[in-house]
Amino acid sequence: MAKRLEKIIERKIKYDSEIVEHNCMLLKAKNQNAVLFHKILESFTMSANQTKLTIPRDSYTIAYYWSDRPYNLYIWRDHKGDYLGSYFNIVKNTYITDKVVSFEDLIIDIIVLPNGDFFILDENELPEPLDQFEKGFVQQTLNSLTDSLDILITQLILETENAYKHEDLIPLLNI
C-alpha cells in the first residue's frame, strides 16, 4: 500500500430515513465496486439467539460494496489481524463516488461467526412479514445469500487476507 489512501464517507440510509455516516479510507474502487477500511473506535456487541459477537475497540472493518449486488459485506479483524466475523447488510441503491459510498439499508442482516455459523438479524424490526417486505425482494436476497454463503464468505475472506495484509493496515490503526 505505497500510495496515500483517500478519505471517503460511508453513508447508510436506514429504512426510517435516518442517515448514519462513518469516516473511512478507500482501499479500492473499480467498476462501481469499492472496498473501504474503517477503524472501530468503540466496542460493540451483536446478539443472535444465545450467541454474542463482540467487536472490540481498535479492531477494524474491511467493507465491500457493489452497485450491482443487493448486499454489502463487512469483514472484521482485531488489532492483531485475526478474523472476528462478518456481517452482510441487505441493501438497495448502492451509489459509489470518489467521496461517498451510499446505500439504503433494508433492515435484515446476516452475521457470520468465525466457525461458519450464521444468524439472521432484525427480522423483528420489519414493518410487515419478511415474505411481503419490499415485495419479496429481501426474502429473495436472503435466500440467495444463505444458499451461497459458504462459498462467498470463504472467497472474500481469502481475498481480504491476500489483498489487504494486516501489516499494511497497521498505520491506519494509528491515525
Side-chain angles (χ1 to χ4, degrees), residues 7-25 27 34-66 69-92 94 101-127 129-130 133-134 138-139 141-143 145-146 148-150 152-161 164-167 169-175:
K7 292 181 179 178
I8 190 167
I9 301 287
E10 182 209 57
R11 178 176 298 136
K12 173 171 136 177
I13 304 165
K14 295 172 87 174
Y15 204 73
D16 64 4
S17 298
E18 177 188 350
I19 295 175
V20 178
E21 293 186 343
H22 293 283
N23 293 313
C24 301
M25 299 301 285
L27 295 176
V35 181
L36 306 184
F37 172 92
H38 175 71
K39 180 179 174 180
I40 306 298
L41 301 175
E42 298 294 328
S43 177
F44 62 94
T45 300
M46 289 176 289
S47 300
N49 301 340
Q50 302 301 314
T51 304
K52 291 182 190 271
L53 175 62
T54 297
I55 307 302
R57 181 174 185 230
D58 294 330
S59 298
Y60 59 92
T61 304
I62 297 176
Y64 287 79
Y65 307 85
W66 301 270
R69 295 187 192 181
Y71 56 85
N72 55 39
L73 170 64
Y74 301 119
I75 295 175
W76 291 304
R77 293 187 196 166
D78 67 15
H79 69 282
K80 293 185 236 158
D82 295 329
Y83 174 67
L84 298 173
S86 299
Y87 185 83
F88 286 91
N89 277 322
I90 296 179
V91 302
K92 66 179 181 182
T94 299
V101 172
S102 176
F103 60 91
E104 295 176 37
D105 185 46
L106 295 176
I107 303 174
I108 298 295
D109 306 304
I110 303 171
I111 188 168
V112 184
L113 302 176
N115 67 5
D117 289 350
F118 68 90
F119 300 94
I120 296 163
L121 303 177
D122 305 329
E123 194 169 350
N124 61 321
E125 296 177 18
L126 294 177
L130 178 59
F133 181 59
E134 288 285 313
V138 174
Q139 177 75 67
T141 301
L142 185 60
N143 292 345
L145 258 177
T146 56
S148 61
L149 195 62
D150 288 345
L152 185 61
I153 202 75
T154 301
Q155 172 192 346
L156 287 168
I157 290 170
L158 187 59
E159 177 183 315
T160 300
E161 290 172 353
Y164 310 107
K165 304 228 177 275
H166 176 70
E167 51 274 10
L169 298 173
I170 289 172
L172 297 177
L173 291 173
N174 297 323
I175 292 176

So do [Y] and [X] actually touch side chain to side chain, heavy atoms under 4.5 Å?
| X | Y | answer |
| --- | --- | --- |
| Ile13 | Ile19 | yes |
| Lys7 | Asn23 | no |
| Met46 | Phe119 | no |
| Leu53 | Tyr87 | no |
| Leu172 | Lys39 | no |
| Tyr15 | Asp105 | no |
| Thr141 | Ile108 | no |
| Glu123 | Phe133 | no |

Please evaluate residues Phe88 and Leu152 with respect to the criterion side-chain contact (heavy atoms from CB on, under 4.5 Å), reporting the C-alpha separation (whole Å), side-chain torsions for both, the decisive distance (0.1 Å), and the verdict.
CA-CA 11 Å; Phe88 286 91; Leu152 185 61; 3.8 Å; yes

For [X] against [Y], the heavy-atom pair lying closest together:
| X | Y | value |
| --- | --- | --- |
| Ile55 | Ser59 | CG2-CB, 3.9 Å |
| Asp122 | Asp109 | OD2-OD2, 2.9 Å |
| Thr94 | Val91 | OG1-CG2, 3.6 Å |
| Leu156 | Ile75 | O-CD1, 3.8 Å |
| Asp58 | Leu173 | O-CD2, 3.9 Å |

Identify every side-chain donor-acceptor pair in residues 77-85 under 3.5 Å, counting partners at least two apart or on other chains, and give the distances.
residue	atom	partner	partner atom	Å
Arg77	NH1	Tyr60	OH	3.0
Arg77	NH1	Tyr164	O	2.9
Arg77	NH2	Thr160	O	3.0
Arg77	NH2	Tyr164	O	2.9
Asp78	OD1	Lys80	N	2.9
Asp78	OD1	Gly81	N	3.0
Asp78	OD1	Asp82	N	2.9
Tyr83	OH	Ser86	N	3.4
Tyr83	OH	Ser86	OG	2.7

Please walk me through it: do Val138 and Ile107 pass side-chain contact (heavy atoms from CB on, under 4.5 Å)?
CA-CA 9 Å; Val138 174; Ile107 303 174; over 6 Å; no

Between [X] (side chain only) and [Y] (backbone N and O only), is there a donor and an acceptor less than 3.5 Å apart?
| X | Y | answer |
| --- | --- | --- |
| Lys12 | Val20 | no |
| Arg57 | Leu41 | yes |
| His38 | Met25 | no |

Going from [atom1] on [X] to [atom2] on [Y], what distance comes out if it is rounded to the nearest 0.5 angstrom?
| X | Y | atom1 | atom2 | answer |
| --- | --- | --- | --- | --- |
| Phe103 | Asn89 | CZ | CG | 5.0 Å |
| Thr51 | Phe118 | OG1 | CZ | 12.5 Å |
| Thr54 | Phe44 | OG1 | CZ | 9.0 Å |
| Leu36 | Ile8 | CG | CD1 | 5.0 Å |
| Ser47 | Ile111 | OG | CD1 | 8.5 Å |
| Asp150 | Ile153 | CG | CD1 | 9.5 Å |

Stepwise, does the side-chain hydrogen bond (donor to acceptor under 3.5 Å, both in side chains) test hold for Glu10 with Tyr65?
CA-CA 10 Å; Glu10 182 209 57; Tyr65 307 85; 2.5 Å; yes

Please check if the number of heavy atoms outside Glu42 that lie under 6.0 Å from its CD is greater than 12.
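Result for CD/Glu42: open.
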
